[in-house]
K.L.:
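Can you read through this structure? Questions will come right after.
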Amino acid sequence: DSGVTQTPKHLITATGQRVTLRCSPRSGDLSVYWYQQSLDQGLQFLIQYYNGEERAKGNILERFSAQQFPDLHSELNLSSLELGDSALYFCASSGTPTIGTGGQWDYGYTFGSGTRLTVV
Amino acid sequence: AQTVTQSQPEMSVQEAETVTLSCTYDTSENNYYLFWYKQPPSRQMILVIRQEAYKQQNATENRFSVNFQKAAKSFSLKISDSQLGDTAMYFCAFMKNLGYSTLTFGKGTMLLVSP
């Protein structure tokens with residue numbers, strides 16, 4: 001268990017529908033990232049939140065939106081779904097870098113196990 | 001913007017042999033971080049190894065080592081004594097700042113280890 005929890009693990013929905021993917025970051029991590037992995041686009045960064053505020057935006061469609069709540073969990077909302085939105089959606093979280101026992105920086109960037117979205 | 005290129009979509013190796021996966025990147029940054037992630041059939045993203053650009057010494061983690069050539073912007077992964085469990089998709093990734101930064105991934109290399 002990586003400490004980052006994503007629900008649901010699988011989701012099947014029809015075109016035109018709206019879904020919400022949920023991510024609970026590792027305890028203490030303030031930053032949450034969303035990535036999309038599709039066959040044609042590979043792994044792409046969508047959006048980042050830090051302590052409730054949007055921090056960075058990548059190749060996120062206007063039909064997609066996200067937010068981070070006061071308890072630091074995050075939700076990714078996908079609307080007007082199209083067949084091409086079928087993908088694996090990863091959430092990752094990170095905290096303040098710390099020095100580990102070997103003297104190496106632990107950047108603490110941890111991925112969840114993903115949500116597999118299938119649009120039919 | 002940073003780009004990461006993995007030119008080998010698929011590679012095959014036999015158990016116990018050594019294989020090298022290639023990665024090149026493009027950036028105007030001087031300090032940054034490079035990673036290799038493994039994605040087995042379970043789809044979990046697993047960190048294999050990382051390299052800080054300011055370190056000249058190549059990183060090693062047991063059977064995994066990298067050849068980091070900063071001037072050439074090259075970052076290859078060498079897997080020694082390949083095992084069946086190494087069969088997975090391998091992604092090379094770039095990060096600008098440690099901690100609160102996003103990852104830019106290559107397209108991946110599918111590695112198949114056969115008996």
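So you know, we letter chains A, B, ... as the sequences are listed, proteins then strands, and number each from 1.
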K.L.:
From A:Gln48 CD over to B:Leu103 CG, what is the distance, rounded to the nearest 0.5 angstrom?
P.N.:
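That separation rounds to 10.5 Å.
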K.L.:
Please determine whether residues B:Phe91 and B:Leu34 belong to a single hydrophobic cluster, defined as Ile, Leu, Val, Met, Phe, Trp and Tyr linked transitively by side-chain heavy-atom distances below 4.5 Å.
P.N.:
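No: no chain of side-chain contacts under 4.5 Å links B:Phe91 to B:Leu34.
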K.L.:
Looking only at the aromatic ring of each residue, does the gap between the centers of B:Tyr37 and A:Phe111 stay below 6.0 angstrom?
P.N.:
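Ring-ring flag for A:Phe111/B:Tyr37: true, centres closer than 6.0 Å.
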K.L.:
With sequence neighbours left out, write down each residue that passes side chain to side chain contact (heavy atoms under 4.5 Å, CB included) with B:Lys78, or none if nothing qualifies.
P.N.:
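Result, side chain to side chain contact (heavy atoms under 4.5 Å, CB included) vs B:Lys78: B:Thr18, B:Thr20, B:Ser65, B:Ser80.
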K.L.:
With chain B as the partner chain, list the residues of residues 3-24 of chain A whose heavy atoms fall under 4.5 Å from it, by residue number, and write 'none' if nothing qualifies.
P.N.:
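Hits under 4.5 Å: none found.
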K.L.:
Counting only heavy atoms closer than 4.5 Å, note whether A:Asn59 contacts chain B via side chain, backbone, both or neither.
P.N.:
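For A:Asn59, no heavy atom lies under 4.5 Å from chain B.
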K.L.:
Counting neighbours of CG on B:Asn62 that are heavy atoms of other residues, nucleotides or ligands and sit closer than 6.0 Å, is the number greater than 12?
P.N.:
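Counting other residues, nucleotides and ligands, CG of B:Asn62 stays at 12 neighbours or fewer.
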K.L.:
Chain A contacts: which residues in residues 23-30 of chain B have a non-hydrogen atom closer than 4.5 Å to it?
P.N.:
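So far as heavy atoms go, nothing in residues 23-30 of chain B approaches chain A to under 4.5 Å.
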K.L.:
Where does A:Leu43 contact chain B at under 4.5 Å (heavy atoms): side chain, backbone, both or neither?
P.N.:
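Its backbone and side chain both get close to chain B.
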K.L.:
Run the side-chain contact (heavy atoms from CB on, under 4.5 Å) check on A:Tyr109 and B:Met45 step by step: do they pass?
P.N.:
CA-CA 11 Å; A:Tyr109 208 102; B:Met45 294 294 288; over 6 Å; no
K.L.:
Taking CG in B:Leu84 as the centre, count heavy atoms belonging to other residues, nucleotides or ligands within less than 6.0 Å. Is the count above 12?
P.N.:
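Count over threshold, so yes.
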K.L.:
How many angstroms lie between atom CZ of B:Arg43 and atom CZ of A:Phe90, to the nearest 0.5 angstrom?
P.N.:
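One gets 7.5 Å once the value is rounded to the nearest 0.5 Å.
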K.L.:
Is chain B contacted by the side chain of A:Gln44, its backbone, both, or neither, given a heavy-atom distance below 4.5 Å?
P.N.:
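Looking at A:Gln44, nothing touches chain B.
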K.L.:
Relative to chain A, which segment of B:Tyr33 carries a heavy atom at a distance below 4.5 Å: side chain, backbone, both, or neither?
P.N.:
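Interface part for B:Tyr33: neither.
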K.L.:
Can you hop from A:Tyr35 to A:Leu81 via hydrophobic side chains spaced under 4.5 Å?
P.N.:
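Cluster IDs for A:Tyr35 and A:Leu81 differ.
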K.L.:
So, do A:Leu88 and B:Gln39 sit near enough that their side-chain heavy atoms are less than 4.5 Å apart?
P.N.:
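Side chain of A:Leu88 against side chain of B:Gln39, heavy atoms only: contact under 4.5 Å found.
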K.L.:
Establish whether B:Trp36 and B:Tyr32 are linked, either directly or via other cluster members, by ILVMFWY side-chain heavy-atom contacts under 4.5 Å.
P.N.:
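Per the 4.5 Å side-chain linkage, B:Trp36 and B:Tyr32 are co-clustered.
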K.L.:
So, the side chain of A:Tyr33 versus the backbone of B:Ser101: is there a donor-acceptor pair under 3.5 Å, distance only?
P.N.:
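Yes.
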K.L.:
Do the ring centers of B:Phe105 and A:Phe45 come within less than 6.0 Å of each other?
P.N.:
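No, they do not, as the ring centres are separated by 6.0 Å or more.
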K.L.:
With the 4.5 Å side-chain cut-off for hydrophobic clustering, are B:Met110 and B:Tyr90 part of the same group?
P.N.:
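In one cluster with B:Met110: B:Tyr90, no.
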K.L.:
Please enumerate all residues that pass side chain to side chain contact (heavy atoms under 4.5 Å, CB included) together with B:Ser42, with sequence neighbours excluded.
P.N.:
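Partners of B:Ser42 under the side chain to side chain contact (heavy atoms under 4.5 Å, CB included) test: B:Pro40, B:Gln44.
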K.L.:
Would you say A:Tyr49 and A:Tyr89 are hydrophobically clustered, going by side-chain heavy atoms of ILVMFWY under 4.5 Å?
P.N.:
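In one cluster: yes.
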